[in-house]
Amino acid sequence: KKKKSYLNSVKQWVKFDNLFVVDPVGIAGGLAVFWRNNFQVKTILFTSFTIELLLADSEGKKDWWCICTYASTDDKVREQQWDVLERRKQIRCDCWALMGDLNDITSNGEKWGGRVRTEASFEKFNSFISRNSLVDIGFEGVPWTWCNNWDNEGEIKERLDRVMGTRQWCDNFGKVK
């Protein structure tokens, strides 16, 4: 959500060589991906909510797609975004990973505080994961990635950010954490 000039200074500060930015629409969205020259990026595609990088595998296994996303907080828009991601897999190989702020959870086990959601409210996200044969690679540290920062009883925490890979990606990069 920052201007590209600011992101260029961040790129220099963290000692990365490259930057690709998708500007926000109004005050919502916006994405940035930084990488070093030791990653060979063959192709970059993007939408208003994704940056998709075709990466050459340095170990000679197989090229793979890294899809970075910032999904909408609006349920209907997010469902349309899942559809776009699913249609776009036709241009990708079977080896890809999806990562970023997916703005949804797979069950109430990924939510602490607030109202309990109905099981039906998880169906579309879980169906997207299943149809694309995605496997969550897990996490280390605290189990939530978002908190509303309210005090006491009003506090809500959720695991909205994650990395998921296709089975082929997990087979090739199974030791990734």
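Quick note: numbers below take in every heavy atom, side chains included, and nothing from hydrogens, waters or symmetry partners.
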Do the side-chain N and O atoms of Thr50 and Glu52 include a donor-acceptor pair separated by under 3.5 angstrom?
-> yes
Any side-chain heavy atom of Arg117 sitting closer than 4.5 Å to one from Ile105?
-> yes
Note, Glu110 side chain near Arg162 side chain (heavy atom, < 4.5 Å) = yes
The ring-ring contact (aromatic ring centres under 6.0 Å, His included) partners of Phe34 (sequence neighbours excluded) come to none
Asn172 side chain to Lys62 side chain, donor-acceptor N/O pair below 3.5 angstrom = no
N-O pairing of Glu86 and Arg88 below 4.0 Å = no
With Trp64 via ring-ring contact (aromatic ring centres under 6.0 Å, His included) - residues at least two apart = Trp169, Phe173
Counting only heavy atoms not in Phe39, do more than 12 fall under 6.0 Å of its CZ?
-> no
How long is the span from the CG atom in Leu98 to the OG1 atom in Thr69, to the nearest 0.5 Å?
-> 6.0 Å
Under the ring-ring contact (aromatic ring centres under 6.0 Å, His included) rule, collect the residues that match up with Trp82, sequence neighbours excluded.
-> Phe125, Phe128
Would the number of heavy atoms belonging to other residues, nucleotides or ligands and lying under 6.0 Å from CH2 of Trp150 be above 12?
-> no
Determine, for Arg78 against Asp83, whether the closest basic-nitrogen to carboxylate-oxygen distance falls under 4.0 angstrom.
-> no
Residue from Gln80, Glu79, Gln81 passing side chain to side chain contact (heavy atoms under 4.5 Å, CB included) with Ser72 | Gln81
